[in-house]
Number of protein chains: 2
Amino acid sequence: MNSFTEENYLKAIYKFSLLHEKGASTNSIAQALNTKASSVTDMLKKLAVKKLINYKKYYGVTLTNKGEQIAISIIRNHRLWEVFLVEKLSFKWDEVHELAEELEHIKSEKLINNLDAFLNFPSNDPHGDPIPNKNGKMKKLKMINMSELKTNEEGIFIHVKDSSDKFLKYLSKNKLEIGKKIKVIEIEPFDNSFKIAFDNQQLILSENVAKNIYIQN
Amino acid sequence: MNSFTEENYLKAIYKFSLLHEKGASTNSIAQALNTKASSVTDMLKKLAVKKLINYKKYYGVTLTNKGEQIAISIIRNHRLWEVFLVEKLSFKWDEVHELAEELEHIKSEKLINNLDAFLNFPSNDPHGDPIPNKNGKMKKLKMINMSELKTNEEGIFIHVKDSSDKFLKYLSKNKLEIGKKIKVIEIEPFDNSFKIAFDNQQLILSENVAKNIYIQN
DNA sequence: TTATTTTTTTAGATTAATCTAAATATTTTA
DNA sequence: TAAAATATTTAGATTAATCTAAAAAAATAA
Ligand SMILES: [Mn+2]
Ligand SMILES: [Mn+2]
Ligand SMILES: [Mn+2]
Ligand SMILES: [Mn+2]
């Protein structure tokens, strides 16, 4: 059995692997988990002994098959709990992440599979992320970053890169939610800000915000 | 904030207080939590510093108001999760306790109050135990003496009259514990002894023992 | 290709929760 | 009430996860 802490390390390494080709560096993991590089090194040794990661001193780490399976199952738990909280317990999409961080570590196959069925086998969480099925398979999202859109192009908002409470609350405040159809009205060359239209309203997004929004492709 | 471990100690002391007048002894807590007396002493010191228990060396411990509030809220969580698992996720009543032991420690007022509402404010868990409301109030159990039961009647073991060590040890030895569902198989007219069934086993109780056991009504 | 900077690892501590064994205190028994 | 038994606490270790500071390796720059 793995501790909550070990599981969080595996998850961090897995998420890194989705964005980069190389293995995760000690520092990148430390940053993701808000801890120190020396603590990371200690944990990497431990995970290597358990054969959950491929670790060689001074090289980046990658997950073994076993490690990846665990990471994916934790992510499945996390996303299913988020759906539950939003759909059944009337939470807002910007209130569920931290709670899911705790719930994801409750270990019971039966619990999570029954929850999945209870929720009707949802394919995406409230932030648009795909939910792995019980075999760890999930559909890959086809999407492009909003900053790649040109004037007059449109598409459906399906994913946020940064799912921090702060960012999600900013979006909620502006009624900009997953599933909405968005059209680019104008791109300001000066600061790369986007003027967009959705729901019969217009909104200006900074370059930074635009880069955190993904559009279905 | 209190750790899972601290919460489990508070719960054990609270449960002890429901059955006995005196404070919980170091040994009784050790037994309840499946740990050693020396570990218990360490933890009691810590809980005393936090003003969650009244502790004096070599005396039994009791909960302070603050400690009791926490214990009751953990119990509320536990029982609501049990209802959820049985009513919504199709678990059997004998499959939920261990999972609820984990879920009960997820700390979020909003989570538990919304869960309560989602379940329609149930007043009892799947084993018949009352669920405290958000203010910690719960209805008192109505119970009858086991010796009043007739053949084939059944009920949940919820209280002991004689709380001497001897008697409790006798019960423990026979795995006859609070919360168990008991069915009367046969009453021997000769000595008024009860043959009962619980947990897929049978046991014969003397009249004396039967008179010390209370059944939910 | 040295020298400098950055990254990673190691060494040595700390904190929470636990344990065993030994020392005390309390309770029971004779 | 003194001896024996039982219960509780203390002393000293251990394990997991973390930290700071220092050492070592790798990457970058001059
Ligand atoms: Mn999340
Ligand atoms: Mn987590
Ligand atoms: Mn239970
Ligand atoms: Mn518990």
Side-chain angles (χ1 to χ4, degrees), chain A residues 1-13 16 20-62 67 70 74 101-102 104-105 107, chain B residues 1-13 16 20-62 67 70 74 101-102 104-105 107 163-170 172-173:
Chain A
M1 197 67 335
N2 311 292
S3 68
F4 289 16
T5 311
E6 290 168 317
E7 291 177 349
N8 285 337
Y9 274 85
L10 295 176
K11 222 173 47 151
I13 297 165
F16 188 94
H20 309 86
E21 278 307 301
K22 318 215 69 183
S25 68
T26 302
N27 262 352
S28 68
I29 297 170
Q31 190 173 25
L33 295 176
N34 208 0
T35 184
K36 303 294 172 182
S38 55
S39 306
V40 174
T41 301
D42 285 346
M43 182 58 84
L44 294 183
K45 287 176 185 168
K46 196 172 145 193
L47 294 173
V49 169
K50 286 184 157 193
K51 306 235 195 266
L52 299 175
I53 61 171
N54 306 114
Y55 174 59
K56 227 180 91 183
K57 267 192 197 177
Y58 294 104
Y59 282 67
V61 291
T62 55
I70 295 170
I74 305 297
E101 281 294 311
E102 296 191 53
E104 70 187 8
H105 301 292
K107 271 169 281 293
Chain B
M1 198 67 330
N2 311 292
S3 68
F4 289 16
T5 311
E6 289 169 317
E7 290 177 349
N8 285 338
Y9 273 85
L10 295 176
K11 226 175 43 154
I13 297 165
F16 188 94
H20 314 269
E21 278 306 304
K22 317 215 70 183
S25 67
T26 301
N27 262 352
S28 69
I29 297 170
Q31 190 174 25
L33 296 176
N34 207 1
T35 184
K36 303 293 170 181
S38 54
S39 306
V40 173
T41 301
D42 285 345
M43 182 58 83
L44 294 183
K45 288 176 184 168
K46 195 171 144 193
L47 294 172
V49 169
K50 287 185 155 193
K51 305 234 194 266
L52 299 175
I53 62 171
N54 306 114
Y55 174 60
K56 228 180 90 183
K57 268 192 200 175
Y58 294 103
Y59 282 66
V61 291
T62 55
I70 294 170
I74 304 297
E101 281 295 311
E102 297 190 52
E104 69 187 9
H105 301 291
K107 272 168 280 295
S163 59
S164 70
D165 277 14
K166 235 178 219 166
F167 184 56
L168 293 180
K169 274 186 180 134
Y170 163 81
S172 292
K173 202 178 60 190

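All values derive from a computational prediction rather than experimental measurement. Only this structure's heavy atoms are used, side chains among them; waters, hydrogens and symmetry mates stay out. Per chain, numbering begins at 1; letters A, B, ... match sequence-line order.
In this structure, CD of B:Glu7 is placed 15 Å from C1' of C:dA16, rounded to the nearest angstrom. When the C1' atom of C:dT8 is taken as reference, atom CE of A:Met43 falls 17 Å away, rounded to whole Å. Atom pair A:Lys22:NZ and D:dA26:P shows a separation of 13 Å (rounding to whole Å applied). The distance from atom NZ of A:Lys36 to atom P of D:dA16 is 23 Å, rounded to the nearest whole Å. Atom P of nucleotide C:dT18 and atom CG of B:Leu44 are separated by 12 Å, given to the nearest angstrom. B:Asn8 places its CG atom 15 Å from the C1' atom of C:dA16, with the value rounded to the nearest Å. Nucleotide C:dT9 holds its C1' atom 15 Å from the NZ atom of A:Lys56, rounded to whole Å. Separating the CD atom of A:Gln31 from the P atom of C:dT8 is a distance of 11 Å, rounded to the nearest angstrom.
B:Thr5 has no side-chain polar atom (N or O) that falls below the 4.0 Å cut-off from OP1 or OP2 of C:dA16. Regarding contacts with the backbone of C:dT18, a side-chain N or O of B:Tyr9 is found under 4.0 angstrom from either OP1 or OP2. For B:Asn27 and D:dT8, the shortest distance from a side-chain N or O to OP1 or OP2 is below 4.0 Å.
For A:Lys107 and B:Glu102, the salt-bridge test fails: no basic side-chain N is under 4.0 Å from an acidic carboxylate O.
If you check C:dT20, D:dT18, D:dT8 against the side chain of A:Asp42, the one that comes closest is D:dT18. Taking only side-chain atoms of A:Thr35, from C-beta outward, the nucleotide of D:dT9, D:dT18, C:dT8 with the closest atom is D:dT18. Closest approach to the A:Thr41 side chain among D:dT9, D:dC19, C:dT9 is made by C:dT9 (side chain taken as heavy atoms from C-beta onward).
Residue contacts shown for B:Ser39 include a base, since a base heavy atom lies under 4.0 Å away. Counting non-hydrogen atoms under 4.0 angstrom, A:Ser38 reaches a base of the nucleic acid.
Using the six-membered ring where Trp is involved, B:His105 and B:Phe4 have ring planes that are parallel, under 30° apart on the 30 and 60° scheme.
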**Message:** Each nucleotide in nucleotides 22-28 of chain C should get exactly one letter: B, S or -. Can you fill that in based on protein heavy atoms under 4.0 Å?
**Reply:** --BSS--
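At a cut-off of 3.5 Å, with distance as the only test, a side-chain donor of A:Ser25 or A:Ser28 sits close to an acceptor on the other residue.
Relative to the six-membered ring of B:Tyr59, B:Lys56 meets both conditions, a distance below 6.0 Å and an angle of at most 45° to the axis.
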**Request:** Take B:Phe16 and B:Ile29 through the test side-chain contact (heavy atoms from CB on, under 4.5 Å) and record every step on the way to the result.
**Result:** CA-CA 8 Å; B:Phe16 188 94; B:Ile29 297 170; over 6 Å; no
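Between the side chain of A:Thr35 and the main chain of A:Gln31, no donor-acceptor pair closer than 3.5 Å is present.
With sequence neighbours left out, the side chain to side chain contact (heavy atoms under 4.5 Å, CB included) criterion links B:Lys50 to B:Asn2, B:Glu6, B:Leu52.
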